[in-house]
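What follows is one structure encoded as structure tokens, with my remarks underneath.
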Amino acid sequence: MKGYLRPYIGKLVFIWLVALLGIGASIALPLIGKEVIDGPVAHGDQGALLPLGLLALGVGVLEALLTFLRRWAQVGPVLGLETRIRDDLYRHLQRLPMAFHNEWQSGQLLSRATTDLSAIRRFLGFGMLFLVMNILQLTTVTIVLLNMYWPLGLLVAGSAVPIVVVSLRFEKRYILISRRVQDEQGDLATLVEESAIGIRTIKAFGRRHHVFDSFDDSALKVYGTSMEKVRHSARFFTFLEVIPNFTLALVLLLGALAVGGGDLSLGTLVAFTTLMLQLVWPIASLGYILAMSQEAMTAADRVMEVMDTVPEIQDGADTAREPRGHLRFEGVEYRFPGAESPVLDDLWLEVRPGETVAVVGATGSGKTTLTSLVPRLLDPTGGRVTIDGHDVRELELGSLRQIVATAFEEPTLFSMSVRENLTLGHLDSSEEELDAAIRTAQAQFVYDLPWGLDTRIGEQGMSLSGGQRQRLALARAVLSKPRILVLDDTLSALDVETEALVEEALRRVLRDATGIVVAHRASTVLLADKVALLRGGTITHVGTHHELLEAVPEYRELLAQDADLDPSEGALR
Amino acid sequence: MTTPTKAWRGVASEEQDELDEKVSVLLRERSRKLLGDLLKPHKKQIAVLTAIIIVSNMAGLAIPYLVKVGIDEGIPPMLKGTGTGTLLTVVGVILAAAATQALTRQAFLKLSGRIGQDILLELRRRVFDHFQRLSLSFHEKYTSGRVISRLTSDIEAIAELLQSGFDGLVTAVLTMFGTAALLIVLDLHLGLLALIPLPLLLLFTRWFRRQSAIVYRRTRETVALVIVHFVESMTGIRAVQAFRREHRNQEIFKQLNADYRDANARSMQLLAIFMPGIKLIGNVTVAGVLVYGGWLALHQEVTVGVLAAFLLYLRQFYEPMQEISQFYNTLQSAGAALEKLSGVLEERPAVPEPRKPTPLESARGKVRFEDVRFAYTEEMPILPKLDLTIPAGQSVALVGATGAGKTTLAKLISRFYDPAEGRVLLDGVDLTVLDEPTLRRAVVMVTQENFLFSGTVADNIRFGRPDATDREVREAAKAIGAHEFISALPDGYDTEVGKRGGRMSAGQRQLVAFARAFLADPAVLILDEATSSLDVPSERLVQRALRTILADRTALIIAHRLSTVEIADRVLVMERGEIVEDGHPDELIAASGRFASLHRAWIESLS
Ligand SMILES: Nc1ncnc2c1ncn2[C@@H]1O[C@H](COP(=O)(O)OP(=O)(O)OP(=O)(O)O)[C@@H](O)[C@H]1O
Ligand SMILES: Nc1ncnc2c1ncn2[C@@H]1O[C@H](COP(=O)(O)OP(=O)(O)OP(=O)(O)O)[C@@H](O)[C@H]1O
Ligand SMILES: [Mg+2]
Ligand SMILES: [Mg+2]
């Protein structure tokens, strides 16, 4: 946090100075009132009245001016800080690996980037200054009071003791509650997000009420905790108001006695009480400000929780020059965090430059996991993956991910233009390259969209058909002409004829690249030079499609489509 | 959409920065109506609240007055030696007033906090429910990020108003009016002098309102954009990282974040002018009163006590001004949020529920398209003119090139959209006159993109029928061959599927989605590429299950793998939104049309 404040030190000092002067001015004003009563009025000195009036005017204008300066100067640092933290949080989140993102609900991340940061902003822009100013004002006024008439001043100072004690107790409890509220709000945001992204499923099943109920549960939780917060702070706030008022009554009583004893002038008592009334508000608002600072603190904690997560996947040092794309899995093990047994275990596989290997395995056997290891979306928990003999962990991430491109099993598109969806990070692609990629993926339909390549395709590409989305994702993967191309079951949503066309084109692309093709269908397997069978977390067989069909019963079972379902049996009824 | 007012209905005004006077009046009225609507059920509580706060403020206000009385009335007799009785009474009254104030204030804080939370809860419920009612076409344009920003950051802006603002305002307004009255009572001349700047204050406030309305609309809008981008890049983080989009994303985010900052900066700068402005007016008045009051006191026209009280009260008059302006500020910010929320609430579903639904006891499952024309956008008709009858109990396979309109046809049966022309009928009843529960009980669709909610596997399957028992959930999973893998998960059916089902493999997700549909047990089951990510053995299992499942219900199966097609009684081949072939699979294979060649290609692809 401190690092964020550094660039603004100069401005902050200025703000504090101005704020201090402001307090001075606001204290001076009633003192001038006292002067008027004790001076001209008491002595019938008309001539002194006007200068004092002008002084009051000057101080009044000055106070307003100082407030303006303080507020105006605050804008830059406060917003600059918030904006920078948000930028950094976003940058950090983009660096955190998939393992992190699988665990964290985006509602929780979002509430950190918005709600929590604005809590911090409010505190910095307003709370912190007021907190310090209030305390300063309280101490200065108390000092002035002590100077005016010390016995009464001491009384006022003494009233701070219960306030401090209770405040400390309040804080401890409040910090717990406000953390709970903030977490629960994050959960609520998650539910909202799911209900919006999953709207099709909800509608398809007509589960509006069901989803509403779970939202309601969560909203009620927030409600309950917030009410607890309300009750808790109500007690505290009231306490803070009652103390100065009680003290005031005492001051009046003792002050009057002092006036009676001749120790105190009437004008001083008037000024004393006036000044004391000025204490009521700062003390009362202390509760509100303390609450705010607690919230900012919890918010900062929550933000730091994310910021302090060290990305497990760190950049390597090497840049791959002229990679050949010789890919090897060497005794790779992968275990999901917290899982008992590994998904991949002692997996060995070699793909030579220019070669294409089809990875075949049952549903849930770990094919996607295997492909995620190459661009380091996941890092193996044992063994290593190498490209041209270098461990991928030694490579710079950017350069690694330039070598490898993946078409995921889920298209993963964004509500941007077709062009941006295709290029993503590969911003310098030319029109020709785009066109070539589009043709390879048989995605020429994009030219018929209302604005061609500049058409926005809706959230997650939902204004396209399933096959269209998949072809865009494919085009994106081949666009950068990667050395290593990974296709994770990317032809599943295509009709047979389109699939044949795509395969035809892919064959050309794969001739120059190293390829890993995850496939459930024989047709796709045929894209590859050889097939690797993934079973029980390891590659059990490697060979050509026909070799494996002949020799390996498990493989036959996985791929022989018509094993027990011949067409004539199909039409049962 | 030509009249200016119509163009601003619903969420249409969201992207506009500056509005002309007429529209903004309209929007303000709409927000006010919503606010009134939300406050209505709390009328009584608000009345109680007002009573409490009046007592509390009277007590609070009385304190400085009592101090003055103490000084003016209590001290002279004491000085004269006639006793401290008055003084003690006054002190006693002050203590009583302080106690009263404390008690009432606590009651006030609790009650107003409660009302505020009630309103927030109600607002959350209402907006959430409304979003869920709105049609797909709305959601497609609006995007989830905006939904989220409405239900988080906008609600928070209103929460801030209800939490801090309400409290401050009532106190402040009452204090102000009370003080104004007191000032006039204390001394008419001085009182009037003190109130002279009031009109100026009002003018100034009006200026602020105008400016801040613009600024706060802008903050709402910019923060929504930040949220939209944030949510989207986190959702697609896999592609972001794999395709090195981080840098570009950072640039975009930085820009959006800077826009948000600028909007916030404008609002802070406005406040930086407004607040000291108010202070300035107050301080100048104090100086004026000081001179005039001093002069009056000099000429014995007012007592010293009155002058002292005056100075005290004057501060009390202008101090709350700060608070009121603070409140006003939160109000403006909340107003912008209310405007957005009321806009959402004003949106009507494009696929409305019928007012008088036709009852349909148990659907048999006959589906009919009557001259249906459908287009997502007017320029590109997807289904030009569709005529189709599917008798109850028939299993129909729908095949065709990608982008032909198969999913679209399915979505029309599920009434995700209404056709532009023609009708879709279920058992002879137009879908538009069926109420939602009836329709959803009868028709269930497994969408091409299966979505899992975070929660356990069992929760997700049970989504198909929330009242299903654990046994039924298991049976459903068993029936389609998902039981094996689910039992192998660490916690079996109670395993958390993770964010969007991320803990499952693609095929596993599909099986769960399938089990969900199976459990729902509808009369018409639509499967849109429901087995595309499965391996062959799993697919075979599913197909075997389908044969029993589909025996007595209508089914529309969309698939590119023709293995699925072969369990169908009838095949429809779709091309550019038209049915070009229709018949029994064997017949079509035997003939020499599109399907025959598709089938041939498919057989070849298997070898
Ligand atoms: N984040 C995770 N945490 C724990 N287990 C996981 C996680 N992601 C996947 N798994 C498990 O790891 C196994 C392998 O998943 P993976 O996605 O690699 O399968 P797959 O071979 O790609 O399957 P499919 O053909 O269905 O896509 C599955 O059993 C799955 O349940
Ligand atoms: N929400 C939408 N908004 C606008 N256009 C859409 C939308 N959904 C689909 N389309 C367009 O309508 C056409 C038909 O889409 P549909 O999803 O019905 O195809 P499909 O036959 O299911 O294809 P696939 O086999 O690829 O799933 C496509 O050109 C698609 O781009
Ligand atoms: Mg997979
Ligand atoms: Mg489709």
Side-chain angles (χ1 to χ4, degrees), chain A residues 33 36 41 49 53 56-57 60 64 67-68 71-72 75 79 83 90 94 101-102 106 189 192 196-201 204 206 208 210 215 219 223 226 230 234 238 242 245 249 252-253 256 260 270 273 362-364 375 401 406 409 412 424-425 459 465-467 492 495-496 520 523 561 570, chain B residues 67 70 75 78 91 94-95 98 102 106 109-110 113 121 124 132 139 143-144 147 151-152 234 236-237 239 242-246 253 261 265 268 272 276 279-280 283 287 290-291 294 297 308 311 401-403 440 445 447-448 451 466 502 505-508 532 535 538 560 566 601-602 605-606:
Chain A
V36 170
V41 175
L49 191 59
L57 185 67
T67 316
F68 167 77
R71 282 186 170 268
W72 195 270
V75 176
L79 291 179
T83 310
Y90 182 77
Q94 287 205 96
H101 288 280
N102 285 339
S106 35
V192 171
I197 298 182
I199 187 80
R200 284 171 191 78
T201 306
R208 183 152 63 78
H210 179 69
F215 174 80
Y223 175 84
S226 307
V230 165
T238 328
V242 81
N245 279 336
L252 178 62
L253 182 64
V270 170
T273 46
T363 291
R401 288 175 182 167
T406 314
E409 48 195 352
T412 331
L424 277 189
E459 191 174 14
S465 85
S492 64
D495 59 284
V496 185
H520 284 307
S523 52
Q561 188 95 25
Chain B
V67 173
I75 296 181
M78 201 182 70
V91 169
I94 291 182
L95 286 178
Q106 182 161 6
L109 284 175
K110 281 186 183 164
L121 184 65
R124 282 204 171 102
Q132 287 292 315
H139 283 274
T143 71
S144 64
V147 173
L151 272 160
T152 57
M234 290 307 133
I237 190 74
F243 290 96
R244 295 170 296 122
R245 174 77 177 176
E246 294 98 331
F253 189 78
R261 180 197 59 208
M268 284 179 77
K279 200 163 217 145
L280 183 68
N283 283 349
L290 197 61
V291 174
L311 293 179
T402 103
R440 299 301 172 206
M445 169 167 169
T447 52
Q448 209 161 354
F451 185 89
S505 83
Q508 291 169 338
S532 61
D535 61 10
S538 313
H560 292 306
E566 286 163 348
W602 179 64
S605 78
L606 292 180

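Convention: sequence-line order gives letters A, B, ...; per-chain numbering from 1. The structure presented is a predicted model; accordingly, all values stated were derived computationally and were not measured.
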Need one label for B/I75: side chain, backbone, both or neither, based on atoms under 4.5 Å from any heavy atom in chain A.
side chain

What option among B/M445, B/R261, B/Q448 has the most heavy-atom pairs under 4.5 Å with chain A?
B/R261

Nearest 0.5 Å, what's the OG1-CG distance between A/T238 and B/L109?
5.5 Å

Test side-chain contact (heavy atoms from CB on, under 4.5 Å) applied to B/V147 and A/V192, step by step:
CA-CA 8 Å; B/V147 173; A/V192 171; 4.0 Å; yes

If you apply the rule side-chain contact (heavy atoms from CB on, under 4.5 Å), what do you find for B/M234 with A/Y90, and how did you get there?
CA-CA 9 Å; B/M234 290 307 133; A/Y90 182 77; 4.0 Å; yes

Residue set satisfying side chain to side chain donor-acceptor pair (under 3.5 Å) with A/T67, at least two apart, ordered chain then number -> none

Chain A heavy atoms under 4.5 Å from B/M78: which part of the residue, side chain, backbone, both or neither?
side chain

Over all atoms of both residues, closest heavy-atom pair of A/L49 and B/G294:
CD2-C, 3.7 Å

Walk me through it: do A/R71 and B/M268 pass the test side-chain contact (heavy atoms from CB on, under 4.5 Å)?
CA-CA 8 Å; A/R71 282 186 170 268; B/M268 284 179 77; over 6 Å; no

Side chain, backbone, both or neither of B/Q106 within contact of chain A (heavy atoms, under 4.5 Å):
both

Minimum heavy-atom distance A/A249-B/I94, with the two atoms named
CB-CG2, 3.6 Å

B/K279/A/F68 under side-chain contact (heavy atoms from CB on, under 4.5 Å): CA gap, chis, key distance, verdict
CA-CA 10 Å; B/K279 200 163 217 145; A/F68 167 77; over 6 Å; no

Looking at B/E246, is its backbone amide N or carbonyl O close enough to the side chain of A/Q94 to form a donor-acceptor pair, meaning the two atoms are under 3.5 Å apart?
yes

For B/S532, side chain to side chain donor-acceptor pair (under 3.5 Å) partners two or more places apart:
B/Q510

Highest number of heavy-atom pairs under 4.5 Å with chain B among A/L252, A/T273, A/V270, A/T83 belongs to A/T83

Considering only heavy atoms and a distance below 4.5 Å, find which of A/T406, A/I199, A/T412 pairs most often with chain B.
A/I199

Kindly give the heavy-atom pair with the smallest separation between A/A64 and B/P276, and that separation in Å.
O-CB, 3.2 Å

Please rank B/A102, B/G507, B/A239, B/A98 by heavy-atom pairs under 4.5 Å with chain A and give me the top one.
B/A239

Heavy-atom cut-off 4.5 Å, strictly under: side chain, backbone, both or neither for B/L95 against chain A?
both

One option among A/V242, A/L253, A/N102 has the most heavy-atom pairs under 4.5 Å with chain B, and it is A/L253

For chain A, which of B/S538, B/G502, B/G70, B/G403 has the most heavy-atom pairs under 4.5 Å?
B/G403

Main chain of B/T402, side chain of A/D495: is a donor-acceptor contact present, judged purely on distance under 3.5 Å?
yes

State, to 0.1 Å, how close A/A189 and B/T152 come at their nearest heavy-atom pair, and which atoms those are.
CB-CG2, 3.8 Å

Side chain / backbone / both / neither for B/T447 at chain A, heavy atoms under 4.5 Å:
side chain

Quick check: does any side chain N or O of A/R208 sit under 3.5 Å from a backbone N or O of B/Q132, one acting as donor and the other as acceptor?
no

So does B/D535 get a backbone contact from the side chain of A/T363, meaning a donor-acceptor N/O pair under 3.5 Å?
yes

A/H210 versus chain B, the contacting section by heavy-atom distance below 4.5 Å
side chain

Picking from A/S465, A/G198, A/A56, which has the most non-hydrogen pairs under 4.5 angstrom with chain B?
A/G198

Looking only at heavy atoms and a cut-off of under 4.5 Å, which of B/G113, B/S505, B/A272 has the most pairs with chain A?
B/A272

Which atom of A/A219 lies closest to which atom of B/R124, heavy atoms considered:
CB-CD, 4.5 Å

Taking every non-hydrogen atom, the tightest pair across B/K110 and A/A234
CG-CB, 3.7 Å

